[in-house]
Amino acid sequence: MAAQPRCIALVGPAQSGKTALLEALMERAGSGERPAKAGEGAESRPHGMSVEPGVATLSYLGDTFTIVDCPGSIEFLHGMQAVLPVCDAAVVVCEADERKLPALEYVLRILEAQGVPRLLFVNKIDAATQSPRETLGLLQAASATPLLLRQISIWQDGAATGFIDLALERAFVYRNHAPSTVIALPEGELPQEKEDRFTLLERLADHDDVLMEQLISEIEPDRERIFGDLSRELREGLAVSVLIGSAARCNGIGRLLKALRHEAPALAETRARLGIPDEGPALAQVIQTRHTGFGGKLSVGRVLRGAFQEGEGVTASDGTTSRIAGLVALSGGQNGRLAAATEGETVGFGRLEGIGTRACFAAGTNVPPELAAPPPPAPVYAAALKVRDRKDDVRLTSALAKITEEDPGLSVEQDADLEEIRLLGQGEMHLRVAVERLSSRFGVAVDKDRPKVGYRETIRSAATGRGRHKKQTGGHGQFADVQIAVRPLPRGEGFLFEDEVVGGAVPRAYIPSVETGARAYLRRGPLGFPVVDLCVTLTDGAAHAVDSSDAAFQAAARLALDDALPKADPVLLEPILAVEIATPSAYTPKATGAVTSRRGQILGFDARPGWPGWDLLQAQIPEAEIWDLIVELRSVTAGVGSFTARFDHRAELTGRPADLVLANGLARRAG
C-alpha cells in the first residue's frame, strides 16, 4: 500500500541550485513535466532567482511527493517560513562555499526553531575542490545539530566520479542524467571508507545502546538497524544526514529520493509536531496565495487531515467562512481540476475569500485552532508609490490589497500628513518585484520614490503675537482681534491651549474658534512643517457685536500665530528611531560603522538569544538616515544582517542637515 503523499521543502542559500534539484528530482522520477511555479516567468526569470515558492508533484516507486522549491534570498525567506510548518521534511541545498555559510546558518536556524526534520544535500559536487569530509567540517559551523556524513566521493584525476554510501557500504559511479552504476568498493578508498563509516556508526550509537554494544563488541550491525537509526535521527532532529551530488548532472538524485522515501516522516508525525489530533473534521493550511487575471484567487494549501470536496463550505481559525469554488492539482505546467483533495495532498483551493496565507481552515462550521507559525517579518525597506496615470488611483488600492494578501512580507501605509502611500517590505529587490507585479498582473503602473520623513518643528522660547482680522464686504463685515502668548512644552507633550482672557474681551462663544484657528495654523509652521510641543495662551482680544464670527476669530488666531512663532526661535525636529540590528558577531564592527556613518548613536550590545555567534546591536538612528540601511547592512554582513525599528522620540535638527531639509522643503513648495 502506497504511503500518503508527503510534502518536502527545498531550502537553502540563494543560487545553491534548489530549482535545478527540483528539476533533477522530477527527471529521475520519470516526470516529463516542468516544475509548476505560480506566476512563473513574470518575476522569477528576469531576476535569475526564485522570488516565490514553486510547487511540483512527483511519484517515485509508488510514493507521491509534493516538492516546494523555496526562495533562498533573505528578502524572500518569509515565503519559505509560510511553507515549512506543513512540510514533513526539508532538504537543505548548499555547497562547499565559505562565503555562503552565514546564509546557510540563517536557514538552518529557522528550521531548528520550527523543529522541521531536515537532510543536507551538498550540491555541485562535480565542481568541488575538497572532499566531503572536509566540506562537513566547514558546514558544521553553520548547524547547531550534528551533521552525519552519509556519502564520500570517489575521485579520479581530481574530479568526483562517484560516491560510496557509508550506510550501504556500496560504491556507485555517476552517469549524467541516468541512474548511477554499482561497482566494487575501490581498493584505494577502503581505509577511508572504514574510518568514515565507523564515525557514522559512532554518532548513531550515541542514541542507540544496542548499536553501541555491537560496536564495542566488534559485531557488524545489520543494515535495518542502521537505516532505522538514520530515520529516527532525522525525525527526532538528533542529527542531520549529509548527502552529496550534482543537480545539474542529475548525480546522487536517486539516493536522495530513496532517503526521502524511507526516512522522511509521514503526515501523522507532522500532525503530532504541529499538535493536531488525528481525528476531527478535514483540516488544511494555506501556504501560498495567488491572484490571477482570469481565474481569480487561488490558495495553495496542504490537507493535514481528512478530505475536502469541491463546493464545500469551510471555516478559518479567525471564524471567517468561505466556500471552495474549485480544486486544482499542482502537478506541473498544466494544472488539472480535482473533485476532491485527500489527506496529505497539496492542492490549489479556488476563491477562498477572506482566508489568507498561513491561515488554517476546516470543513464545515467548526472553527479550527490556529496553527503555530512565525509571524511575517517586520519591514526593513519602504518606497513611496505614485501612479503614473491618475485614473489608476482606485485600482492601485485594490491591487495593493491583493499583493499584500499574496505576500505577507509586504505591507502598506497611508500617511495623510505627508500625502503618501508607502509600500514596505524586506529589501529593494522585494519591492522591485512587487512593483513589477502591480504592472504585469494588475495593470497598474507606479513609480517608486524615497519616502518623505515626518519632520516637525517647535519653538525654543516664549513670544507674543497679535492678529487683527477686519474686512468690510458691503453687508455684515468681519472683525476679530486676538492676542496670544506661546511657550515651548517638554518634548512629546504635543499641543496645549489655554484661555486667560478676563473681562469678556473675547466672548466665550468665540474662544473655541481661536483654538480651532490655532490648530489649523500649526499644521504648517514658519519652517514649513507641523508645529508640536507648544502651548498657545489666549491673553486678550476684541470683538464686534455685529461683525464678529467663528470664521473671523479663526482667521485672527492664524494671524496671531504667524506673528508670534517667528519670534519664538523655531527649530526643526526630526524623528529618531530605536533600532535593533541582528548580525553575526564577525560582522558587528562593520554593522557598527554603518550606524555611526548615519548619525546614529550606539546604545549597547547583547548576544542574540538562541543564536550562538550572533549579536544584537541597540542603537538610535534618525529616520532620515534609515531608508537604505538594510542595503548597506546586508552588504557588510554577507547578506544576512537585519534590523527592527520603532519610533522613539524627536530631536532638534540644526546646522547643515537642517539647512538641507529646509532648502529641499522650499524647493518642493516652489515646485
Side-chain angles (χ1 to χ4, degrees), residues 13-15 43-44 46-52 71-80 99-103 105-107 376-386 407 409-413 420 422-438 446-454 574-602 608 614-647 657 660:
Q15 309 298 326
E43 295 96 20
S44 295
H47 302 297
M49 64 177 182
S50 298
V51 298
E52 60 188 345
S73 166
I74 192 171
E75 296 190 29
F76 300 96
L77 278 187
H78 53 280
M80 176 191 78
R99 296 169 299 177
K100 293 185 177 181
L101 276 183
E105 180 184 9
Y106 198 94
V107 171
V380 294
Y381 191 80
L385 302 184
K386 185 176 182 180
D407 187 344
L410 293 170
S411 58
V412 176
E413 286 182 356
E420 189 171 74
R422 296 175 187 162
L423 183 63
L424 300 91
Q426 305 309 307
E428 192 276 335
M429 179 63 75
H430 188 210
L431 293 199
R432 187 191 307 176
V433 169
V435 167
E436 289 170 1
R437 284 180 183 165
L438 288 174
V446 300
D447 291 317
K448 294 192 285 123
D449 198 1
R450 182 171 180 162
K452 300 173 186 174
V453 177
E574 66 172 345
I576 305 296
L577 306 182
V579 179
E580 185 174 70
I581 296 173
T583 173
S585 302
Y587 302 115
T588 298
K590 291 184 177 180
T592 300
V595 171
T596 55
S597 68
R598 295 168 182 270
R599 298 190 289 122
Q601 178 183 2
I602 305 296
R608 187 176 186 182
W614 282 62
D615 289 336
L616 291 177
L617 171 63
Q618 286 81 34
Q620 290 184 345
I621 304 176
E623 182 184 327
E625 303 286 347
I626 209 163
W627 172 63
D628 60 350
L629 171 64
I630 192 62
V631 178
E632 180 180 4
L633 192 59
R634 287 184 177 148
S635 174
V636 301
T637 62
V640 297
S642 193
F643 71 88
T644 57
R646 59 175 176 79
F647 174 79
L660 291 173

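Along the sequence shown, the residues carry numbers beginning at 1.
- In terms of modelled atom types and a separation under 3.5 Å, the side chain of R608 and the main chain of S585 share no donor-acceptor contact.
- Of all heavy-atom pairs between S50 and P71, the closest is O-CB, 3.5 Å.
- Interatomic distance, CD of E580 versus CG of L577, reported as 14.0 Å (0.5 Å rounding).
- In this structure, P377 and H78 have side chains that are in contact, with non-hydrogen atoms separated by less than 4.5 Å.
- K100 places a side-chain N or O within 3.5 Å of a backbone atom of Q15 that can act as its donor or acceptor partner.
- Rounding to the nearest 0.5 Å gives a distance of 11.5 Å between CD1 of I626 and CD of E632.
- In terms of modelled atom types and a separation under 3.5 Å, the side chain of K590 and the main chain of S635 share no donor-acceptor contact.
- Considering all non-hydrogen atoms of both residues, V595 and A619 come closest at CG1-CB, 3.8 Å.
- Residue P622 comes nearest to R599 through the heavy atom pair CD-O, 3.5 Å, listed as atom of the first residue, atom of the second, then distance.
- In terms of heavy atoms, Y381 sits closest to V631 at CE1-CG2, 4.2 Å.
- Residues V380 and F643 meet the side-chain proximity criterion, which asks for heavy atoms closer than 4.5 Å.
- The one candidate from T588, T637, T592, L633 that meets the side chain to side chain contact (heavy atoms under 4.5 Å, CB included) condition with I581 is L633.
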Would R598 and E625 count as a salt bridge (Lys or Arg N to Asp or Glu O under 4.0 Å) here? Give the steps.
CA-CA 6 Å; R598 295 168 182 270; E625 303 286 347; 5.1 Å; no

Quick one: do L431 and L410 satisfy side chain to side chain contact (heavy atoms under 4.5 Å, CB included)? Show the steps, please.
CA-CA 8 Å; L431 293 199; L410 293 170; 3.7 Å; yes

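- When side chains are defined from C-beta on, E428 does not count as touching I630, because their heavy atoms never get closer than 4.5 Å.
- Taking the side chain as every heavy atom from C-beta outward, F76 and E52 never approach each other to under 4.5 Å.
- A pairwise comparison of heavy atoms in L77 and G72 identifies CD2-O, 3.8 Å as the closest pair.
- In this structure, the side chains of V453 and E574 stay at 4.5 Å or more apart for every pair of heavy atoms.
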Take V412 and L385, measure what side chain to side chain contact (heavy atoms under 4.5 Å, CB included) needs, and give me the verdict at the end.
CA-CA 10 Å; V412 176; L385 302 184; over 6 Å; no

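- S73 has its side chain out of reach of M429: every pair of non-hydrogen atoms, C-beta onward, lies at least 4.5 Å apart.
- Side-chain atoms of R634 and S642, non-hydrogen and from C-beta on, do get closer than 4.5 Å to each other.
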Check the pair I576 / Q601 against side chain to side chain contact (heavy atoms under 4.5 Å, CB included), numbers first and verdict last.
CA-CA 10 Å; I576 305 296; Q601 178 183 2; over 6 Å; no

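- Aromatic ring orientation, W614 versus Y106: tilted (interplanar angle from 30° to 60°).
- Counting all heavy atoms, side chain and backbone alike, Y587 lies closest to V636 at CD2-O, 3.3 Å.
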Between R432 and E75, is a salt bridge (Lys or Arg N to Asp or Glu O under 4.0 Å) present by the stated rule, with each step listed?
CA-CA 11 Å; R432 187 191 307 176; E75 296 190 29; over 6 Å; no

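- Considering CD of Q426 and CG of D407, their distance stands at 8.0 Å, rounded to 0.5 Å.
- Between K386 and D449 there is no side-chain heavy-atom pair separated by less than 4.5 Å.
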